[in-house]
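Here is how names work: the chains are called A, B, and so on, in the same order as the sequence lines, proteins then strands, and each is numbered from 1.
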2 protein chains.
Amino acid sequence: MKSIGVIDIAREAGVSTATVSRVLNSSERVSEDTRAHVLEVIERLGFSPNASASSLRRGRSDAIGIAVASISQPWYVKLIRELRRAVTARGMTTVVYDLEHSSRVLIEHTESARRLRLAGMILATGDRLDEAEVSDSLHRLAGSMPLVVIGQRLDDATWPTVSFDDVAASAAATEELLERRGRPVLFLGSSRRSFLSDQRREGVRRALEARPELLRDSSFVVLDGPMDYAAGYAEAASRAHELRRYGLIFCVNDELALGALRALGELGLRVPEDVMVIGYGDVDMLPYLTPSLSSLSGDVNAIAGDALDAIMAGIAGEPAFAARVHSRRIVHRESTEVREG
Amino acid sequence: MKSIGVIDIAREAGVSTATVSRVLNSSERVSEDTRAHVLEVIERLGFSPNASASSLRRGRSDAIGIAVASISQPWYVKLIRELRRAVTARGMTTVVYDLEHSSRVLIEHTESARRLRLAGMILATGDRLDEAEVSDSLHRLAGSMPLVVIGQRLDDATWPTVSFDDVAASAAATEELLERRGRPVLFLGSSRRSFLSDQRREGVRRALEARPELLRDSSFVVLDGPMDYAAGYAEAASRAHELRRYGLIFCVNDELALGALRALGELGLRVPEDVMVIGYGDVDMLPYLTPSLSSLSGDVNAIAGDALDAIMAGIAGEPAFAARVHSRRIVHRESTEVREG
DNA sequence: CTGAAAGCGCTTACAG
DNA sequence: CTGAAAGCGCTTACAG
């Protein structure tokens with residue numbers, strides 16, 4: 001069964017294929033009568049235009065790629081949905097890529113995006129992009145379509161970037177919490193593969209520099225595997241003997257914080273009375289934990305808006321900003337609710 | 001800057017475009033020397049074949065669509081990743097669709113899939129598909145490509161389906177827990193838009209039928225909004241006065257269970273001493289909650305394997321099974337750890 | 001406002 | 001094993 005195409009519609013409607021095409025891409029001048037008639041025929045025959053033919057002829061697809069570090073992290077899911085909403089409203093489509101925190105998958109997806117001749121690509125990740133192979137892929141990608149990166153800026157980036165100032169956010173949060181309780185800090189989650197983790201650690205370190213005696217007794221744990229619930233649990237549990245020395249466990253994400261919370265409970269430490277805990281990301285479940293978890297929150301809509309402006313400018317061939325930086329907000333919940341000196 | 005195509009590669013390599021194409025689609029007979037030479041030229045010029053041209057010529061894309069009810073639910077994320085792994089291993093690609101639990105989005109995505117002439121579509125959702133507009137979309141989709149549905153079977157389905165027997169799973173779990181504690185049950189989460197929710201409720205009801213006095217005092221709550229943390233919390237909290245009457249809160253998913261857990265804690269009810277709680281899905285975080293949450297778990301790999309077999313059969317034009325049903329397993333954690341009469 | 005016709009970049013049946 | 005050439009289904013510059 002041969003599927004029907006513009007030729008069939010044109011014949012049935014008694015017009016040319018050019019007119020059918022103009023109706024499909026509404027922006028053109030077609031008389032109202034003709035348009036209505038053609039649309040009726042399209043509807044009646046159940047015609048679905050072939051996107052490959054259209055993309056081939058136009059030289060590019062009408063889809064924007066959205067690649068995120070991991071679709072199992074709620075913040076990225078929100079970002080995807082917000083971007084999809086905005087892109088759809090502009091009459092374009094999206095294709096979602098889950099990087100699974102893997103360089104290999106990132107490279108596979110960039111190649112796929114190039115083959116598809118996407119209209120543009122928005123890449124959001126906190127994983128390091130400066131590894132040679134990855135960086136090469138990105139430059140190749142940026143050479144074939146507009147690219148916007150959310151989360152970090154490579155030194156040799158030729159594309160717009162949008163990010164949070166996580167150094168500042170971590171520093172501010174740490175200072176605030178040190179005032180509540182002036183004790184050493186345990187920082188969980190500096191992976192070699194994570195750019196954001198480095199930023200967050202750096203902020204904590206800076207805040208502690210003002211109190212050398214606390215900095216000396218603080219610890220910065222380097223995780224090399226996944227930064228998930230299990231890792232948070234294992235890292236906290238394995239430090240059972242020294243945990244009482246810290247006033248705050250600063251986790252690079254909410255998953256680690258949740259895992260750590262469980263370990264602390266098993267060890268008989270109370271949160272926040274014995275030790276405070278804070279995470280990063282402010283995922284939806286935090287208010288429902290016991291104790292509810294404090295976190296550093298970042299506005300998805302602001303980031304999505306900037307990324308969209310930049311990608312649309314790129315598609316239109318116009319210049320966009322080089323870098324935009326947003327700030328985060330600390331959300332206090334039970335895990336940091338304590339008042340001392 | 002005109003991007004390079006097979007013609008450029010052919011000229012540079014001193015062969016015909018037919019040969020270049022054969023090298024790209026490795027399956028063909030090409031001499032080793034020619035192949036190596038052409039590959040070298042492709043690499044050197046950074047050639048990326050135009051997927052639209054290829055799809056147009058072949059009559060369909062090499063991508064399989066994976067549409068899931070929501071990418072904010074971990075089980076679906078696991079399914080996506082497992083399917084992607086398997087599809088990639090077969091030399092094809094995937095495109096991910098997030099239905100956001102919305103019929104409108106589902107319809108948009110099926111139209112998009114049709115325009116893209118995907119090789120096939122795997123749809124996984126527990127939301128009802130029997131609404132007229134949705135059902136029409138599915139039949140239209142199934143008319144243009146192989147379709148496999150995970151999660152439910154429509155009466156007039158012409159496509160293979162894979163699902164869990166949630167009636168049986170709920171019934172078995174309820175029976176087992178009623179033996180631990182013979183008290184009425186509060187069932188949370190029967191939404192009118194959810195097929196799976198109906199199945200799960202039905203299983204609980206059947207198990208209770210054997211104990212009419214318990215069935216009489218049990219409650220089945222119908223939620224009409226999202227079934228998330230906030231809903232679980234709100235529903236449990238709003239029943240503060242009657243909560244002590246139940247021996248078990250049976251939640252249609254883990255998110256509701258987590259929300260309910262928090263509400264119970266605030267009300268001073270102990271889990272599992274005062275009331276047991278169980279969810280559905282067995283997401284990764286459950287062991288790290290306090291108390292850790294019991295859940296009904298379903299094997300992703302078994303489902304993914306069946307779906308893949310069916311879609312591949314469909315693509316090859318071969319017949320596949322009509323329906324496959326898998327069973328779930330109860331995973332006991334602290335929230336159901338209690339022994340009585 | 002509308003149509004005739006060229007052409008986007010591949011793949012493949014056919015011929016050698 | 002390799003090449004010449006047709007054709008997939010659209011869109012658009014051009015002409016009227």
Side-chain angles (χ1 to χ4, degrees), chain A residues 1-39 41-42 45-63 91 93 112 114-119 144, chain B residues 1-39 41-42 45-63 91 93 112 114-119 144:
Chain A
M1 66 158 204
K2 196 186 149 305
S3 88
I4 65 168
V6 277
I7 296 189
D8 305 285
I9 302 298
R11 188 185 308 119
E12 178 75 14
V15 299
S16 72
T17 60
T19 298
V20 175
S21 178
R22 289 186 187 111
V23 170
L24 288 172
N25 305 285
S26 23
S27 56
E28 293 284 342
R29 53 257 135 87
V30 186
S31 83
E32 261 323 305
D33 284 0
T34 313
R35 178 187 306 279
H37 179 51
V38 171
L39 283 175
V41 174
I42 287 175
L45 302 197
F47 168 58
S48 168
N50 185 321
S52 297
S54 166
S55 298
L56 174 59
R57 180 54 228 250
R58 287 203 166 109
R60 72 162 186 234
S61 120
D62 74 339
T93 64
S112 166
R114 294 214 313 148
R115 280 195 298 270
L116 288 175
R117 306 292 191 264
L118 294 183
S144 39
Chain B
M1 68 159 201
K2 197 186 151 306
S3 88
I4 66 168
V6 278
I7 297 188
D8 305 285
I9 302 298
R11 187 184 309 119
E12 178 74 15
V15 298
S16 72
T17 60
T19 297
V20 175
S21 177
R22 289 187 187 108
V23 170
L24 288 172
N25 305 285
S26 24
S27 56
E28 293 285 342
R29 51 258 136 84
V30 186
S31 82
E32 260 324 305
D33 284 0
T34 313
R35 178 186 307 280
H37 179 50
V38 171
L39 283 175
V41 174
I42 288 175
L45 302 196
F47 168 58
S48 167
N50 185 321
S52 297
S54 166
S55 298
L56 173 59
R57 180 54 229 249
R58 286 203 167 110
R60 72 161 187 235
S61 120
D62 74 338
T93 64
S112 166
R114 292 214 313 147
R115 280 196 298 272
L116 288 175
R117 305 292 191 267
L118 295 182
S144 38

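- One distance of note links CG of A:Leu24 with CZ of A:Phe47; it measures 5.5 Å at 0.5 Å rounding.
- A straight line from CG of A:Asp62 to P of D:dG9 spans 19 Å, rounded to a whole angstrom.
- Nearest-nucleotide positions on DNA chain D for A:Pro49 and B:Thr19 put B:Thr19 closer to the 5' end.
- Nucleic acid contact for A:Thr34: sugar-phosphate only, since backbone atoms but no base atoms lie under 4.0 Å from a heavy atom of the residue.
- The side chain of A:Ser54 contributes no N or O atom lying less than 4.0 Å from OP1 or OP2 of D:dC10.
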Query raised in the report: Given Watson-Crick or G-U pairs with both distances under 3.5 Å, what dot-bracket string fits DNA chain C, with | for other-strand pairs and [ ] for crossing?
Result: |||.||||||||.|||
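- Taking 3.5 Å as the limit, the base of C:dG9 and the side chain of A:Arg117 contain no donor-acceptor pair of atoms between them.
- A:Arg60 places its CZ atom 14 Å from the P atom of D:dT11, with the value rounded to the nearest Å.
- One interatomic measurement links the two molecules: CZ of B:Arg11 to P of D:dG3, which rounds to 15 Å at whole-angstrom precision.
- Both A:Glu32 and A:Thr17 sit near DNA chain C, but only A:Glu32 has its closest nucleotide nearer the 5' end.
- For B:Leu45, the side-chain contact (heavy atoms from CB on, under 4.5 Å) partners at least two apart in sequence or on another chain are B:Ile4, B:Ile9, B:Glu12, B:Val41.
- Computed from coordinates, the B:Leu56 CG to D:dA6 P distance equals 17 Å when rounded to whole Å.
- Of the candidate nucleotides C:dT11, D:dC10, C:dT2, C:dT2 has the atom lying nearest to any side-chain atom of A:Ser31.
- By the side-chain contact (heavy atoms from CB on, under 4.5 Å) test, B:Ala53 is found to be paired with A:Leu56, B:Asn50, residues two or more places apart in sequence or in another chain being considered.
- Rounded to an integer number of Å, the gap from CZ of B:Arg22 to C1' of D:dT2 is 6 Å.
- Taking every heavy atom of both residues into account, B:Arg114 and B:Ser144 meet most closely at CD-OG, 3.1 Å.
- One atom, CD1 of A:Ile4, and another, C1' of D:dC10, lie 14 Å apart when rounded to the nearest Å.
- Among the nucleotides D:dC10, C:dT2, C:dT11, the one closest to the side chain of A:Ala53 is D:dC10.
- Taking A:Thr34 as the reference, A:Ser31 meet the side-chain hydrogen bond (donor to acceptor under 3.5 Å, both in side chains) condition, with sequence neighbours excluded.
- Put simply, CZ on A:Phe47 is 8 Å from C1' on D:dG9, counting in whole angstrom units.
- Comparing D:dT12, C:dG3, C:dC10 against the side chain of B:Arg57 picks out C:dC10 as the nearest.
- Shortest non-hydrogen contact noted between A:Ala10 and A:Thr17 is CB-N, 3.7 Å.
- Legend: residues meeting side-chain hydrogen bond (donor to acceptor under 3.5 Å, both in side chains) with A:Ser54, ordered by chain and number and at least two apart, are A:Arg58.
- Spacing between C:dG16 and C:dT12 at atom C1', rounded to whole Å, works out to 16 Å.
- Residues passing the side-chain contact (heavy atoms from CB on, under 4.5 Å) test with A:Arg57, sequence neighbours excluded: none.
- Within 4.0 Å of A:Val15, counting heavy atoms only, lie sugar-phosphate atoms of the nucleic acid but no base atom.
- For D:dT11, the OP1/OP2 oxygens have a side-chain nitrogen or oxygen of A:Asn25 closer than 4.0 Å.
- For A:Ser16, a side-chain nitrogen or oxygen approaches OP1 or OP2 of C:dG3 to under 4.0 Å.
- With rounding to whole Å, A:Ile7 atom CD1 is found 8 Å from D:dC8 atom P.
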